[in-house]
Protein chains: 2
Amino acid sequence: MDIPELASVQLVPQCIMPLSSYTTTMGVAGSMPSPQLLEEYSQFFRLLSEPARLQLLCQLKAGPMDVAALIEATGFSQSHISRQLGQLQRADLVRCERDGVRTIWSADSELVDDLCNLVQTRLRQRLEAQLQQLQSA
Amino acid sequence: MDIPELASVQLVPQCIMPLSSYTTTMGVAGSMPSPQLLEEYSQFFRLLSEPARLQLLCQLKAGPMDVAALIEATGFSQSHISRQLGQLQRADLVRCERDGVRTIWSADSELVDDLCNLVQTRLRQRLEAQLQQLQSA
DNA sequence: ACCCTTTATGCGGTTATCGTCATAACAGTC
DNA sequence: GACTGTTATGACGATAACCGCATAAAGGGT
């Protein structure tokens, strides 16, 4: 087989950076992350910026299921579910395995849970602070 | 003063849930997070789904600065920066303090760094796995 | 008062994304 | 082969987001 150029190794189409670029995240004073890295971050967060996709991730976290089960659970249309799963799959947030004519989807990564936990903690803190402010007024 | 209804305490306009709703994040088998919570998660992630906003957060993390400095650092237009900062402010990701006619913006939360660290780890793992696959082929 | 500087906002064009319908592609059965 | 059931995809309208231009609003100086 042809060994493709390593520079073009990418899981996300726009991911064209060498591995060494991933050693810093947000950077510290004076070292801004590259525009490419910011672009990848934003693309990843964009996947989580749609309630439908988050809901699909939650459903699949409860256990693998096929599209028919997802339709039953969410009420979304078949084509809509297929498209959203396709986006999530390209980021390796879900994967599928064929069982005859059906496709069983699953999502076992802890990443989304961890991200949501962090955000949830922030949301709680904001509300608690707001409550404090009201009670002291 | 009038004590507003606690049910309507909200920092984000769409945040209308009681505090108790924030005790679970993604839920486990059988307990799906409420649509409202998913909506709030997605709105938060949407803030990070734009490279311009991430870049502003990175700049402000290096230290407080006013809009003129942000224009110099990013090349964005003044109105664009003002709008993005407004969105970030509503989620408490940045805050501002007036110094005469200027407005000094700052962002000291570790939340965005933590989120980006998690995502960056994932991106690294994906690339390393891809490399392994190529080298073994 | 006027003027200048800095920031916020209404408006509009452009672009991207969502969600549906119809249909193609695929795997299996008869 | 034809037929059925399941999933992926092209086309399209609707909606939302981005981004800049122009302008309003707010604060300070003369």
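Chain letters run A, B, ... following the sequence lines, proteins first, then strands; residues in each count from 1.
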Could you state the [atom1]-[atom2] distance from [X] to [N], rounded to the nearest angstrom?
X       : N      : atom1 : atom2 : result
B:Asp99 : C:dT7  : CG    : P     : 10 Å
A:Asp66 : D:dA8  : CG    : C1'   : 15 Å
A:Gln43 : D:dA17 : CD    : C1'   : 16 Å
A:Ile71 : D:dG5  : CD1   : C1'   : 12 Å
B:Leu70 : C:dA8  : CG    : C1'   : 15 Å
A:Arg90 : D:dA8  : CZ    : C1'   : 12 Å
A:Arg46 : C:dA16 : CZ    : P     : 10 Å
B:Leu85 : C:dT6  : CG    : P     : 16 Å

If only atom types and distance count, is the side chain of A:Ser82 paired as donor or acceptor with the main-chain N or O of A:Ser79 below 3.5 Å? no
Give one of base, sugar-phosphate or nothing for A:Gln78, where a contact means two heavy atoms less than 4.0 Å apart.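 A:Gln78: base contact, heavy atoms under 4.0 Å.
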Hey, does A:Thr103 reach any base, or is it just sugar-phosphate, or nothing, if we go heavy atoms under 4.0 Å?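 Answer is sugar-phosphate: A:Thr103 comes under 4.0 Å of backbone atoms only.
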Any carboxylate oxygen within less than 4.0 angstrom of a Lys/Arg side-chain nitrogen, looking at A:Arg95 and A:Asp108?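 Salt bridge present between A:Arg95 and A:Asp108.
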Report the C-alpha separation of A:Cys116 and B:Phe45 in whole Å, then their side-chain angles, then the decisive distance to 0.1 Å, and conclude whether the side chain to side chain contact (heavy atoms under 4.5 Å, CB included) test is met. CA-CA 9 Å; A:Cys116 287; B:Phe45 288 126; 4.1 Å; yes
Look at [X] and [N] and indicate whether a side-chain polar atom (N or O) is within less than 4.0 Å of OP1 or OP2.
X       : N      : value
A:Arg53 : C:dC18 : yes
B:Ser77 : D:dG20 : yes
A:Gln87 : C:dC18 : yes

Does B:Arg83 contact C:dG10 through a side-chain donor or acceptor facing the base, at a distance under 3.5 Å?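 Result: at least one qualifying N/O pair found.
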Check this for me: does the side-chain of B:Ser79 come within 3.5 Å of the base of D:dC21 through a donor and an acceptor? yes
Against A:Leu85, only a single residue in A:Leu57, A:Leu93, A:Leu70 fulfils side-chain contact (heavy atoms from CB on, under 4.5 Å); can you say which?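 When side-chain contact (heavy atoms from CB on, under 4.5 Å) is applied between A:Leu85 and each of A:Leu57, A:Leu93, A:Leu70, only A:Leu70 qualifies.
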Quick check on side-chain contact (heavy atoms from CB on, under 4.5 Å): which of B:Arg53, B:Gln87, B:Gln89 does B:Val94 satisfy it with?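 The side-chain contact (heavy atoms from CB on, under 4.5 Å) with B:Val94 is passed solely by B:Gln89 among B:Arg53, B:Gln87, B:Gln89.
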Closest of C:dT6, C:dG19, D:dT6 to the A:Glu50 side chain is C:dG19
Return the 5'-most residue of the pair A:Gly100, A:His80 with respect to DNA chain C, ranking by each residue's nearest nucleotide.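 That would be A:His80.
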